[in-house]
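To keep things clear, I will list the structure first and then write my remarks on it.
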Amino acid sequence: MSGALLAVALRQAASPGRLGLILLLALLPLGIAVILRVAAGGEDVIEVALDLLVIGLFLPISVMTVATTAFGNEVEDRTLGLLTTKPAPRAYIVLVKLGATLAITAPLSAGVAVVVTLLGDGESAARTAVAAGVGAALGALAYASIFTWAGLVTSRALGFGLAYVLLWEALMVSLIDGARFLSVRNYAKSIMQGLEDGSLDVFTQTPIELPIALAGIAIVTVVFTYLTVRRLNRMDVP
């Protein structure tokens with residue numbers, strides 16, 4: 001039964017249309033990074049591309065595209081009742097859905113971050129690329145937990161996700177002092193910066209200590225996974 005649930009979740013997460021959209025989105029930061037590298041050169045240009053295009057846009061939007069439909073399709077099609085009648089704890093169902101989302105988005109997000117970073121010509125480009133990949137993968141984990149919950153509590157999860165990314169992560173965090181400590185984007189950036197020990201100079205504008213960033217990722221993931229399980233347990237499933 002566990003294998004069947006995972007297979008269904010993976011098939012849903014990796015549907016041809018959704019996977020094609022994510023791959024198309026991946027071409028945007030990669031293409032722009034190549035253009036910037038050729039036209040402007042310099043390691044700083046690549047760091048800006050990593051910050052704005054990969055962490056700021058591709059990472060949250062690609063995860064949102066998959067995670068909001070993890071339960072959203074069943075809610076919309078009114079087939080969630082069939083899923084919850086299976087002999088598996090609802091917490092396990094949530095973890096399977098979350099795992100399927102991460103199986104698709106975490107490697108892709110990490111891969112895009114690594115490739116963009118390797119376009120730089122710094123002395124420690126390879127080590128920086130590893131740090132960028134780890135930060136992106138952990139950021140995908142936190143975003144997946146948030147957007148999976150959103151897909152279960154509202155039929156407008158994509159709208160919620162876009163508002164969260166554009167209004168909170170991009171705008172409010174830059175305006176409100178201390179809000180960076182409640183930002184997945186800043187957690188991911190700080191993990192990259194902390195693992196690389198200071199070479200990503202563009203990220204030092206919003207520093208968070210590495211242990212705090214790791215704790216933030218863990219807390220967000222645990223809290224929103226718990227809220228998703230709680231919501232699934234309390235839903236009046238038809």
Side-chain angles (χ1 to χ4, degrees), residues 21-65 105-143 146 161-210 212-214 216-217:
L21 176 59
I22 295 174
L23 292 174
L24 186 63
L25 288 172
L27 294 177
L28 178 63
L30 292 174
I32 293 178
V34 170
I35 293 172
L36 290 175
R37 182 68 179 89
V38 172
E43 189 177 356
D44 291 343
V45 172
I46 297 303
E47 291 180 5
V48 171
L50 178 65
D51 182 10
L52 298 180
L53 299 177
V54 179
I55 307 172
L57 290 176
F58 174 72
L59 172 60
I61 291 176
S62 62
V63 176
M64 180 191 352
T65 301
T105 60
L108 187 57
S109 298
V112 171
V114 167
V115 172
V116 169
T117 306
L118 287 175
L119 290 172
D121 56 1
E123 296 180 358
S124 58
R127 191 177 67 180
T128 304
V130 172
V134 172
L138 291 176
L141 173 62
Y143 278 127
I146 294 172
L162 287 172
Y164 169 77
V165 171
L166 298 177
L167 296 180
W168 177 255
E169 294 277 13
L171 180 61
M172 300 306 293
V173 168
S174 65
L175 297 177
I176 302 175
D177 186 34
R180 66 182 184 273
F181 292 100
L182 299 174
S183 166
V184 174
R185 177 180 178 181
N186 279 284
Y187 296 154
K189 289 167 57 176
S190 298
I191 289 170
M192 295 178 185
Q193 177 75 7
L195 292 177
E196 181 45 21
D197 195 22
S199 72
L200 292 170
D201 295 332
V202 72
F203 292 167
T204 58
Q205 299 173 4
T206 53
I208 301 176
E209 295 295 328
L210 179 60
I212 296 176
L214 290 172
I217 291 284

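Quick caveat: nothing in here was measured; it's all calculated off a predicted structure.
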- Who passes side-chain contact (heavy atoms from CB on, under 4.5 Å) against Ile176, sequence neighbours left out? Trp168, Met172, Ala179
- Message: Donor-acceptor pair, distance only, cut-off 3.5 Å: does the side chain of Ser174 make one with the backbone of Leu171?
- Response: yes
- Message: Walk me through whether Leu23 and Leu27 qualify under side chain to side chain contact (heavy atoms under 4.5 Å, CB included).
- Response: CA-CA 7 Å; Leu23 292 174; Leu27 294 177; over 6 Å; no
- Can you measure from CG (Leu182) to CD1 (Ile208) and round to the nearest 0.5 angstrom? 9.0 Å
- Do you know the tightest heavy-atom contact between Thr105 and Ser62? CG2-O, 3.9 Å
- How far does CG of Leu138 sit from CD1 of Ile191, to the nearest 0.5 angstrom? 4.5 Å
- Query: Which heavy atom of Pro29 sits nearest a heavy atom of Val116, and at what distance?
  - Reply: O-CG2, 4.2 Å
- Item | Heavy-atom pair with the smallest gap, counting every atom of Ile217 and Ala142 | CD1-CB, 3.9 Å
- Query: Tell me, do Met192 and Thr117 make a side-chain contact under 4.5 Å, heavy atoms counted?
  - Reply: no
- Task: Determine whether Arg185 and Asp51 make a side-chain contact, defined as any pair of heavy atoms from C-beta on separated by less than 4.5 Å.
- Result: yes
- Query: So do the side chains of Leu25 and Leu57 get within less than 4.5 Å of each other, counting heavy atoms only?
  - Reply: no
- Can you name the nearest heavy-atom pair linking Leu119 to Ala33, along with the distance? CD1-CB, 3.7 Å
- Query: Do side-chain atoms of Tyr187 reach the backbone of Phe181 as a donor and acceptor pair under 3.5 angstrom?
  - Reply: yes
- Note on the structure: Heavy-atom nearest pair, Pro60 first then Tyr143, reads CB-CZ, 3.7 Å
- Task: Determine the minimum heavy-atom distance between Ser190 and Ala213, stating which atoms define it.
- Result: CB-CB, 3.8 Å
